[in-house]
J.: 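First, the structure itself, so that you have it in front of you.
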Amino acid sequence: MDQSFMARAIELSLENIRRRNGGPFGAVIVKDGTIIAEGVNSVTAKNDPTAHAEIVAIREACSKLDTFSLTNCEIFTSCEPCPMCLGAIYWAHISCIYFGNAAADASKIGFDDSFIYLEFAQPLPARKIPMIQIMHDEALTAFRAWQQKPDKILY
């Protein structure tokens with residue numbers, strides 16, 4: 001593990017505050033000892049609530065490598081990933097996560113995502129945003145079609 005990659009993620013987080021008036025988060029994705037993608041929190045700059053540093057870096061890495069799987073890549077992020085970013089990291093099959101600040105540190109400066117973890121534990125009707133299942137049988141037709149597709153690409 002090369003600490004220079006974490007130093008770069010931290011540098012990106014500081015640059016994002018100073019130059020772009022963005023959030024204090026930066027991330028780099030490394031493959032074979034080389035940075036292949038970088039990202040900073042661009043939520044307010046892009047008016048995109050999914051534009052967290054890790055997501056931005058994942059999108060760039062996948063584009064550069066022309067793949068949806070970042071197997072054998074590592075991510076260095078200035079802060080412990082939020083639930084959305086952690087999910088994306090798992091879906092991208094990144095092999096290791098290195099982080100600087102803990103989620104508790106982020107919470108202390110107003111970036112508290114603990115409520116999302118609490119929401120996951122709630123039954124669907126008790127969540128703050130109601131989740132109501134409708135048209136289940138109709139929706140299953142797409143899943144059946146997927147199961148029967150002989151040339152599907154698994155991910």
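Note: hydrogens, waters and symmetry copies are ignored here, and every other heavy atom, side chains too, is used. The structure presented is a predicted model; accordingly, all values stated were derived computationally and were not measured.
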J.: Evaluate Cys96 against Ile75 for side chain to side chain contact (heavy atoms under 4.5 Å, CB included), listing each step before the verdict.
T.: CA-CA 6 Å; Cys96 189; Ile75 190 165; over 6 Å; no

J.: Check whether any side-chain heavy atom of Leu65 sits under 4.5 Å from a side-chain heavy atom of Lys31, and report yes or no.
T.: yes

J.: Determine the minimum heavy-atom distance between Leu124 and Met131, stating which atoms define it.
T.: CD2-SD, 3.7 Å

J.: So, does Ser78 use its side chain to make a donor-acceptor pair with the main chain of Ala9 at under 3.5 Å?
T.: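 No, the answer is negative, given that no donor and acceptor are paired below the 3.5 Å cut-off.
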
J.: Does some side-chain heavy atom of Ile109 sit less than 4.5 Å from a side-chain heavy atom of Pro24?
T.: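 Heavy-atom side-chain distance check passes, below 4.5 Å.
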
J.: Any idea which heavy atoms bring Pro83 and Asp113 closest together, and the distance?
T.: CD-OD2, 3.3 Å

J.: Nearest heavy-atom pair of Ala37 and Ala61: which atoms, and what distance?
T.: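 What the structure gives for the nearest pair is CB-N, 3.5 Å.
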
J.: Heavy-atom distance under 4.5 Å between the side chains of Val56 and Val40, does that happen here?
T.: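 No. Closest side-chain heavy atoms not under 4.5 Å.
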
J.: Inspect the contact between Lys128 and Glu119 and indicate whether a charged nitrogen and a carboxylate oxygen are less than 4.0 angstrom apart.
T.: no

J.: Tell me whether Phe5 is reachable from Leu14 by hopping between hydrophobic residues (I, L, V, M, F, W, Y) whose side-chain heavy atoms are closer than 4.5 Å.
T.: yes

J.: Taking atom OH of Tyr117 as the centre, report whether more than 12 heavy atoms of other residues, nucleotides or ligands fall under 6.0 Å from it.
T.: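 Counting neighbours around OH of Tyr117, more than 12 heavy atoms of other residues, nucleotides or ligands fall under 6.0 Å, so yes.
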
J.: Just by modelled atom types, is the Ala102 backbone N or O under 3.5 Å from a matching donor or acceptor in the Glu80 side chain?
T.: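 Checking the backbone N and O of Ala102 against the side chain of Glu80, no donor-acceptor pair under 3.5 Å is found.
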
J.: For residues 34-63, which residue pairs qualify under ring pair (Phe, Tyr, Trp, His ring centres under 6.0 Å), counting only residues two or more places apart or in two chains?
T.: none

J.: Are Phe68 and Ile29 connected in a single hydrophobic cluster, I mean Ile/Leu/Val/Met/Phe/Trp/Tyr linked by side-chain heavy atoms less than 4.5 Å apart?
T.: no

J.: Between Glu11 and Arg8, is there a salt bridge with N-O shorter than 4.0 Å?
T.: yes

J.: Could you check Asn41 against Asn16 for side chain to side chain contact (heavy atoms under 4.5 Å, CB included), going step by step and ending with a plain yes or no?
T.: CA-CA 7 Å; Asn41 181 288; Asn16 200 44; 4.0 Å; yes

J.: Taking it one step at a time, do Thr77 and Ile89 satisfy side chain to side chain contact (heavy atoms under 4.5 Å, CB included)?
T.: CA-CA 11 Å; Thr77 179; Ile89 289 165; 5.8 Å; no

J.: Considering only heavy atoms from C-beta outward, does the side chain of Ile94 approach that of Ile58 to under 4.5 Å?
T.: yes

J.: For a ring pair (Phe, Tyr, Trp, His ring centres under 6.0 Å) check, start with the C-alpha distance between Phe111 and Phe25, then their side-chain angles and the critical distance, and finish with the verdict.
T.: CA-CA 11 Å; Phe111 294 95; Phe25 304 98; 4.9 Å; yes

J.: Under a single-linkage definition using a 4.5 Å side-chain heavy-atom cutoff for Ile, Leu, Val, Met, Phe, Trp and Tyr, are Leu86 and Leu70 assigned to the same hydrophobic cluster?
T.: yes

J.: Taking C-beta and beyond as the side chain, do Thr71 and Ser95 meet within less than 4.5 Å on heavy atoms?
T.: no

J.: Roughly how far apart are Glu15 CD and Ile10 CD1, rounded to 0.5 Å?
T.: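 With rounding to 0.5 Å, CD (Glu15) is 12.5 Å from CD1 (Ile10).
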
J.: Verify whether one side chain among Asp32 and Thr34 offers a donor that lies under 3.5 Å from an acceptor in the other.
T.: no

J.: If you take all heavy atoms of Gly26 and Ser13, which pair is closest and at what distance?
T.: N-CB, 3.6 Å

J.: Begin with the C-alpha distance, continue with both residues' side-chain angles, and end with the deciding distance and a verdict on side chain to side chain contact (heavy atoms under 4.5 Å, CB included) for Ile55 and Glu60.
T.: CA-CA 9 Å; Ile55 302 289; Glu60 182 181 318; over 6 Å; no

J.: Between atom CD1 of Ile97 and atom SG of Cys85, what is the distance when rounded to the nearest 0.5 Å?
T.: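 Going from CD1 on Ile97 over to SG on Cys85, the span is 10.0 Å.
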
J.: Say whether, by atom type as modelled, one donor and one acceptor occur between the side chain of Arg127 and the main chain of Phe120 under 3.5 angstrom.
T.: yes

J.: Mind checking whether Glu38 and Val28 have side chains closer than 4.5 Å, heavy atoms only?
T.: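 Heavy-atom side-chain distance check passes, below 4.5 Å.
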
J.: Are Met6 and Val30 connected in a single hydrophobic cluster, I mean Ile/Leu/Val/Met/Phe/Trp/Tyr linked by side-chain heavy atoms less than 4.5 Å apart?
T.: yes

J.: Check this for me: Lys46, atom NZ, are more than 12 non-hydrogen atoms of other residues, nucleotides or ligands nearer than 6.0 Å?
T.: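 Check fails, neighbour count at 12 or below.
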
J.: Would you say that Asp105 contacts Cys79 through its side chain, given a criterion of any heavy-atom pair below 4.5 Å between the two side chains?
T.: no

J.: Supply the atom-to-atom distance Gln3 CD to Phe76 CZ, rounded to the nearest 0.5 angstrom.
T.: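 CZ of Phe76 is found 9.5 Å from CD of Gln3.
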
J.: Quick one: does Thr50's side chain get under 4.5 Å of Arg59's, heavy atoms only?
T.: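 The answer is yes; the side chains approach within 4.5 Å.
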
J.: Could you pull out every donor-acceptor pair under 3.5 Å between side chains of residues 143-155 and any protein atom, sequence neighbours left out?
T.:
from	atom 1	to	atom 2	distance (Å)
Lys149	NZ	Asp151	OD1	2.9
Lys152	NZ	Trp146	O	3.1
Lys152	NZ	Gln147	O	3.0
Lys152	NZ	Lys149	O	3.4

